[in-house]
Amino acid sequence: MAQMKPRTLSGFMELLPARQVQFDRMVEILRKTYSLYGFTPLDTPAIEASEVLLAKGGGETEKQIYRFTKGDSDLSLRFDLTVPLAKYVALNYGQLTFPFRRFQIGKVYRGERAQRGRFREFYQADIDVIGDGALDISNEAEIPAIIYKTFTALGLKRFKIRVNNRKLLNGLFALLGLSERAGDVMRTIDKLEKIGPDKVREILTGDFGVSADTAGQLLDLLSTSDPLSALEALKGKNELLDQGMDELNTVVNYMSAFGVPEDHFMVDLTIARGLDYYTGTVYETVMLDHPEIGSICSGGRYDNLAEYYIDKKLPGVGISIGLTRLFFVLEDQGYLNPDVLTAPADVLVLPMTEDPSPAIAAATALRDHGIRTQIHAEKKKFKQKLSYADKLGVPYVLLLGEDEIAQGKVALKDLTTGQQQLVTVEEAAALVAAGLMEKNSGAPIRESQA
């Protein structure tokens with residue numbers, strides 16, 4: 001029989017065991033952090049009816065979606081977690097309590113061209129707060145606190161949350177006579193860090209017909225270290241601008257009360273996010289030492305989550321972390337903490353007698369104490385068994401020979417220090433538990449590695 005060469009499709013990530021453990025540790029931290037803020041977990045199907053997923057339709061979505069038929073059914077794989085949330089809220093509106101706070105960590109699928117750091121199948125980690133008819137602005141200030149708590153819990157320190165308000169932007173563009181060219185202007189000023197103010201000015205005036213005075217006024221506002229103070233001179237000249245400034249000031253003030261340090265956020269007028277979707281506060285989070293990576297967490301306020309499914313106004317605010325891409329970037333840049341335990345077991349039990357029953361009983365007792373335990377029952381040399389533990393990174397081995405059995409004890413060896421002790425199974429469980437607290441204390445990300 002001819003053998004087929006095994007391969008993984010381009011754009012799909014498979015991890016070796018140790019890396020999978022690190023990835024799962026990150027997911028565990030996200031779940032714990034989101035739960036601290038009172039978000040409920042949610043899981044929606046990976047496959048939906050195409051008409052449901054494509055209710056909004058058009059644009060790049062239909063080009064990138066994985067769509068297929070099964071019998072008479074027209075089906076698609078979900079391309080994000082927001083559209084399924086909208087369907088879920090509309091479908092269960094009568095059974096949900098609002099504000100509805102949910103988090104979801106799951107795979108999504110996009111049929112775009114696979115390239116380094118971009119995937120066709122990837123995990124997203126989303127949180128959203130959905131209101132019924134209205135949603136207080138304090139929720140928009142709490143979101144950056146959750147971003148800050150999440151990334152610090154993961155081990156990141158040098159990141160900054162950039163905050164803006166779409167009403168402020170739209171009001172500013174209207175005041176400067178740029179409303180009809182808002183999309184072109186936003187895409188241009190978004191390149192400010194990459195190409196510099198002179199090139200941005202050249203594009204605005206040359207390609208889009210913006211006057212030199214208007215381009216200069218806009219660039220002056222974008223370059224100031226305190227844009228909110230600079231915008232005070234324009235107060236009272238545009239109602240939408242005033243509203244956006246008031247909302248942004250409120251969010252900034254509340255963020256301090258929510259515990260976000262001032263050195264971890266800034267007002268950035270170049271942040272716009274989706275031109276059609278977001279309507280209020282918007283966020284992007286960047287790693288200070290790797291701005292070329294772009295945003296590692298983004299989102300914002302929107303007016304009506306489920307307008308395509310239900311005749312109710314459901315405003316909300318949310319963020320999304322592209323978890324697979326973030327993990328790839330962290331690994332690529334050397335941020336993953338090599339000292340985090342990634343072994344599938346805490347203890348490897350090595351039977352040293354013909355009858356393995358005592359070793360099996362010892363392993364069962366360890367598991368009853370919450371210690372992850374493997375038994376190595378294969379007919380291998382002792383050195384090979386230790387090598388097995390070493391390759392997996394198992395921190396402890398438990399030896400059980402005739403002498404130990406006779407004394408009702410076990411020999412516990414710490415493979416990190418080489419120390420071996422003769423103890424009861426209960427004492428071994430306590431020693432392992434104490435040792436694991438120290439060995440497992442590190443975050444999955446160690447920024448000093450970069």
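One-based numbering along the sequence shown. Computed from a prediction, not measured in an experiment: that's the story for all the values here.
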**OP:** Taking atom CG of Leu16 as the centre, report whether more than 12 heavy atoms of other residues, nucleotides or ligands fall under 6.0 Å from it.
**Re:** no

Subject >> Pairing of Lys313 and Asp303 as salt bridge, 4.0 angstrom limit >> reply: no

Subject >> salt_bridge(Glu447, Arg158) N-O dist < 4.0 Å >> reply: no

Subject >> Listed once per pair and sorted, the side-chain hydrogen bond (donor to acceptor under 3.5 Å, both in side chains) pairs that draw on residues 28-39, sequence neighbours left out >> reply: none

Original post:
Would you call Phe23 and Leu323 a side-chain contact if the rule is heavy atoms closer than 4.5 Å?
Top reply: yes

**OP:** Please say whether more than 12 non-hydrogen atoms of neighbouring residues, nucleotides or ligands are located less than 6.0 Å from CD in Glu426.
**Re:** yes

**OP:** Apply side chain to side chain donor-acceptor pair (under 3.5 Å) to the pair Arg19 and Gln22, showing each step before the final yes or no.
**Re:** CA-CA 5 Å; Arg19 284 292 188 248; Gln22 288 176 307; 2.6 Å; yes

Subject >> Side-chain (Tyr309) to main-chain (Val52) donor-acceptor, under 3.5 angstrom >> reply: yes

Original post:
Considering only heavy atoms from C-beta outward, does the side chain of Ile293 approach that of Val286 to under 4.5 Å?
Top reply: no

Original post:
Does a side-chain heavy-atom distance below 4.5 Å link Phe39 with Val129?
Top reply: yes

Original post:
Near Glu292 CD, under 6.0 Å, is it more than 12 heavy atoms from other residues, nucleotides or ligands?
Top reply: yes

Subject >> pair Arg446-Asp339: side-chain heavy atoms closer than 4.5 Å >> reply: yes

Subject >> Nearest non-hydrogen partners of Pro144 and Ile161, listed with the distance >> reply: O-CD1, 3.4 Å

Subject >> Nearest non-hydrogen partners of Leu400 and Lys409, listed with the distance >> reply: CD1-O, 3.4 Å

Original post:
Side-chain contact, heavy-atom cut-off 4.5 Å: Val251 with Tyr254?
Top reply: no

**OP:** Would you confirm whether Asn139, through its side chain, and Asp136, through its main-chain N or O, come within 3.5 Å as a donor-acceptor pair?
**Re:** yes

**OP:** Measure up the Tyr109 and Phe12 rings against each other and bin them: parallel (under 30°), tilted (30 to 60°), perpendicular (over 60°).
**Re:** tilted

Original post:
Can you find a heavy atom in the side chain of Ile271 that is under 4.5 Å from one in the side chain of Tyr278?
Top reply: no

Subject >> side chain to side chain contact (heavy atoms under 4.5 Å, CB included) assessment of Gln104 paired with Asp43 >> reply: CA-CA 6 Å; Gln104 184 171 359; Asp43 190 21; 4.0 Å; yes

**OP:** Would you please say whether a donor-acceptor pair under 3.5 Å links the side chains of Tyr388 and Gln374?
**Re:** yes

**OP:** For Gln407, look at atom CD and say whether over 12 heavy atoms of other residues, nucleotides or ligands are found less than 6.0 Å away.
**Re:** yes

Original post:
What distance do Cys297 atom SG and Ile146 atom CD1 have between them, rounded to the nearest 0.5 Å?
Top reply: 10.0 Å

Subject >> Heavy-atom side-chain proximity of Tyr335 to His290 below 4.5 angstrom >> reply: yes

Original post:
Are Asp268 and Lys160 ion-paired here, with the side-chain N under 4.0 Å from a carboxylate O?
Top reply: no

Original post:
Are Glu140 and Arg301 ion-paired here, with the side-chain N under 4.0 Å from a carboxylate O?
Top reply: yes

Original post:
Relative to each other, are the rings of Phe159 and Phe151 parallel, tilted or perpendicular (30° and 60° limits)?
Top reply: tilted

**OP:** For residues Met26 and Leu326, determine if any side-chain heavy atom of one lies less than 4.5 Å from a side-chain heavy atom of the other.
**Re:** yes

**OP:** Would you please indicate if the ring centroids of Tyr123 and Phe327 are separated by under 6.0 Å?
**Re:** no

Subject >> Worked check of side chain to side chain contact (heavy atoms under 4.5 Å, CB included) between Phe103 and Leu30 >> reply: CA-CA 9 Å; Phe103 76 85; Leu30 262 62; over 6 Å; no

Original post:
For residues Asp355 and Thr353, is any side-chain donor paired with an opposing acceptor at under 3.5 Å?
Top reply: no

Subject >> Minimum heavy-atom distance Glu284-Ser298, with the two atoms named >> reply: CG-CB, 4.1 Å

